[in-house]
Protein chains: 2
Amino acid sequence: MARKETINWNGCPIRYAASVFADRWNFVILRDVLFKGRRYYGDFLAAGEGISTNILADRLSKFEASGILTRHQDRKKRSRIYYLPTQKALELIPIFLSIIDWAERHDEHTEVPEQFITAYRQDADKTIAETEQLIALANAQVTNIH
Amino acid sequence: MARKETINWNGCPIRYAASVFADRWNFVILRDVLFKGRRYYGDFLAAGEGISTNILADRLSKFEASGILTRHQDRKKRSRIYYLPTQKALELIPIFLSIIDWAERHDEHTEVPEQFITAYRQDADKTIAETEQLIALANAQVTNIH
DNA sequence: AAATATCACTTGCAATTAACAAGTATAGTA
DNA sequence: TACTATACTTGTTAATTGCAAGTGATATTT
């Protein structure tokens with residue numbers, strides 16, 4: 001996003017969403033948070049398949065600013081930082097699931113577990129709930145164990 | 001997207017989707033196509049609230065390349081060009097509707113007609129179908145009248 | 001027929017952002 | 001005390017974006 005600070009956003013939901021997460025790396029980070037249980041800076045780096053450290057730092061702080069992630073310090077090991085998804089982030093799950101559904105239909109290279117996609121198409125709400133469970137688990141691992 | 005042509009996309013649906021439409025201006029163009037009936041280059045320019053001509057041209061040709069839009073010449077007035085959404089584009093509707101739903105819940109500035117959002121929340125499939133109707137109408141206006 | 005206008009782009013250049021490599025700060029470990 | 005780990009910064013180069021102007025192919029007006 002170059003220049004043009006004072007755009008007329010005009011109450012458009014799509015433009016708002018665009019400003020929050022319409023970016024290649026944002027998609028990947030959100031995928032990692034919502035579906036892969038990643039919570040640490042280092043995890044995102046390793047998993048992001050190529051994101052640079054400065055870009056990752058930039059995106060994480062922007063997600064914090066927009067209320068998608070919260071930043072926390074590990075109590076016992078204070079040098080470790082973890083990021084947790086907010087409710088606002090959890091509510092992105094339906095969007096990302098329908099993206100997965102779409103990609104599976106239109107990209108021949110996409111490989112989603114048959115079971116997962118079938119389950120989603122039969123009962124989307126259930127898959128949404130299950131994904132939330134997954135997230136709760138990942139959160140617990142980070143907040144309790146350490 | 002600078003450099004890094006040879007990424008390991010790895011069959012990930014989110015990365016595929018990111019490569020096709022995760023970009024500020026892509027969001028706006030798709031909004032215009034899916035919900036506002038815009039079909040002409042000039043319409044996109046006027047409505048995009050600030051997109052540059054070169055960026056618009058770039059995005060339109062990429063959408064063509066990725067099978068989201070098809071480019072057509074008006075028969076009677078051959079200098080006019082219109083773009084039509086493909087089936088692949090139509091199937092983005094559920095994604096964009098859930099984005100609208102999400103933004104309405106989390107952005108105080110977002111102004112979506114109450115009626116629309118309520119209808120969507122009560123019966124998503126119906127709103128999806130209605131949006132498809134809207135698109136059919138916009139297509140007809142472009143392909144028949146001229 | 002010539003001049004003007006419309007439309008859909010290109011092109012050139014400056015400004016902004018991203019990628020890559022390296023470095024720094026703080027905390028914990030040997 | 002030295003070494004390591006983790007989470008970032010910083011600097012530099014490369015790529016993309018924004019903006020203004022230009023171009024070419026129709027149409028329209030005079």
Side-chain angles (χ1 to χ4, degrees), chain A residues 1-8 15 18-19 21-29 32-33 38-65 69-84 141-142 145-146, chain B residues 1-8 15 18-29 32-33 38-65 69-84 142 145-146:
Chain A
M1 319 161 196
R3 245 168 298 182
K4 208 76 176 236
E5 302 306 307
T6 42
I7 320 167
N8 182 16
R15 291 202 75 151
S19 76
F21 65 86
D23 165 273
R24 171 190 179 188
W25 292 122
N26 285 340
F27 266 46
V28 171
I29 292 168
D32 287 350
V33 169
R38 302 199 214 282
R39 296 291 179 268
Y40 297 102
Y41 180 93
D43 292 346
F44 294 123
L45 253 196
E49 294 150 47
I51 189 167
S52 316
T53 56
N54 55 345
I55 301 300
L56 176 58
D58 175 71
R59 296 300 191 276
L60 287 175
S61 78
K62 279 178 181 162
F63 273 146
E64 217 193 326
L69 298 177
T70 49
R71 204 185 102 111
H72 306 269
Q73 220 171 26
D74 190 302
R75 279 172 206 157
K76 290 179 185 164
K77 203 172 173 179
R78 286 183 309 160
S79 66
R80 287 218 94 186
I81 302 291
Y82 58 91
Y83 292 86
L84 293 185
Q141 282 192 337
V142 162
I145 291 177
H146 292 290
Chain B
M1 319 159 195
R3 243 170 300 183
K4 208 79 180 237
E5 303 305 308
T6 41
I7 320 167
N8 182 14
R15 292 202 75 152
S19 77
V20 174
F21 66 86
D23 165 271
R24 169 190 180 188
W25 292 122
N26 285 340
F27 266 46
V28 170
I29 293 168
D32 287 351
V33 169
R38 302 200 216 281
R39 297 291 178 269
Y40 297 101
Y41 178 95
D43 292 346
F44 294 122
L45 253 195
E49 294 150 49
I51 189 169
S52 318
T53 55
N54 55 344
I55 302 300
L56 176 58
D58 176 71
R59 296 301 190 276
L60 288 175
S61 79
K62 279 178 181 162
F63 272 146
E64 219 194 324
L69 299 176
T70 48
R71 203 184 103 111
H72 307 269
Q73 221 172 22
D74 191 301
R75 280 171 206 156
K76 290 176 185 164
K77 203 172 173 180
R78 286 182 310 161
S79 65
R80 287 218 93 186
I81 302 290
Y82 59 90
Y83 292 86
L84 294 184
V142 162
I145 292 179
H146 292 290

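Small disclaimer: the values here were computed from a predicted structure and weren't measured. The figures that follow rest on heavy atoms only: side chains count, while hydrogens, waters and symmetry mates do not. Quick note on labels: first sequence line is chain A, next is B, and so on, each numbered from 1.
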S.K.: Starting from P on C:dC20, measure out to CG on A:Leu56 and report it in whole angstrom.
M.R.: 14 Å
S.K.: Just to confirm, is there a sub-4.0 Å distance from OP1 or OP2 of D:dG18 to any side-chain nitrogen or oxygen of B:Trp25?
M.R.: yes
S.K.: Give the rounded distance in Å between these two atoms: CD1 of A:Ile51 and C1' of C:dC20.
M.R.: 13 Å
S.K.: Can you tell me how far OH of A:Tyr40 sits from CG of A:Asp32, rounded to the nearest 0.5 angstrom?
M.R.: 15.0 Å
S.K.: Between atom CG of B:Leu45 and atom CD1 of B:Ile51, what is the distance when rounded to the nearest 0.5 Å?
M.R.: 7.5 Å
S.K.: Please report the distance, rounded to the nearest Å, between CZ in B:Arg59 and P in D:dT16.
M.R.: 10 Å
S.K.: Rounded to whole Å, how long is the line connecting atom NZ of A:Lys62 with atom P of D:dC8?
M.R.: 15 Å
S.K.: Output a table of nitrogen or oxygen pairs between the protein and nucleotides 4-8 of chain C separated by less than 3.5 Å.
M.R.:
residue: C:dA8; atom: OP1; partner: B:Ile81; partner atom: N; Å: 3.3
residue: C:dA8; atom: OP1; partner: B:Ile81; partner atom: O; Å: 3.2
residue: C:dA8; atom: OP2; partner: B:Gly42; partner atom: N; Å: 3.2

S.K.: More 5' along DNA chain C: A:Thr53 or A:Gln73, using each one's nearest nucleotide?
M.R.: A:Thr53
S.K.: Rounded off to whole Å, could you give me the CG-to-C1' distance for the A:Leu45 and D:dT9 pair?
M.R.: 13 Å
S.K.: Checking all strands, does A:Asn54 fall into the base, sugar-phosphate, or nothing category for heavy-atom contacts under 4.0 angstrom?
M.R.: base
S.K.: Distance-only criterion, 3.5 Å: show the donor-acceptor pairs between side-chain atoms of residues 52-60 of chain B and protein atoms not counting sequence neighbours.
M.R.:
residue: B:Asp58; atom: OD2; partner: B:Lys62; partner atom: NZ; Å: 3.2
residue: B:Arg59; atom: NE; partner: B:Asp23; partner atom: OD1; Å: 3.3
residue: B:Arg59; atom: NH2; partner: B:Asp23; partner atom: OD2; Å: 3.2

S.K.: Output yes when at least one side-chain N/O atom of B:Arg24 is less than 4.0 Å from OP1 or OP2 of D:dG18, else no.
M.R.: yes
S.K.: Please find the pair of heavy atoms, one from A:Arg38 and one from A:Phe44, that lie closest to each other, and give the distance.
M.R.: O-CZ, 3.6 Å
S.K.: Kindly compute the distance separating NZ (A:Lys76) from CD (A:Gln73), expressed to the nearest 0.5 Å.
M.R.: 15.0 Å
S.K.: B:Asp58 has an atom CG; how far is it from atom C1' of D:dT17, in whole Å?
M.R.: 10 Å
S.K.: Write down the atom of B:Val33, the atom of B:Arg39, and the distance for their closest heavy-atom approach.
M.R.: O-NH1, 3.1 Å
S.K.: Nearest whole angstrom, please: distance from the P of C:dT17 to the CD1 of B:Ile55.
M.R.: 13 Å
S.K.: According to the interplanar angle, ranging from 0 to 90°, do the rings of A:Phe21 and A:Phe27 count as parallel (below 30°), tilted (30 to 60°) or perpendicular (above 60°)?
M.R.: tilted
S.K.: Whole angstrom is fine here: how far is it from CG in B:Leu60 over to P in C:dC9?
M.R.: 7 Å
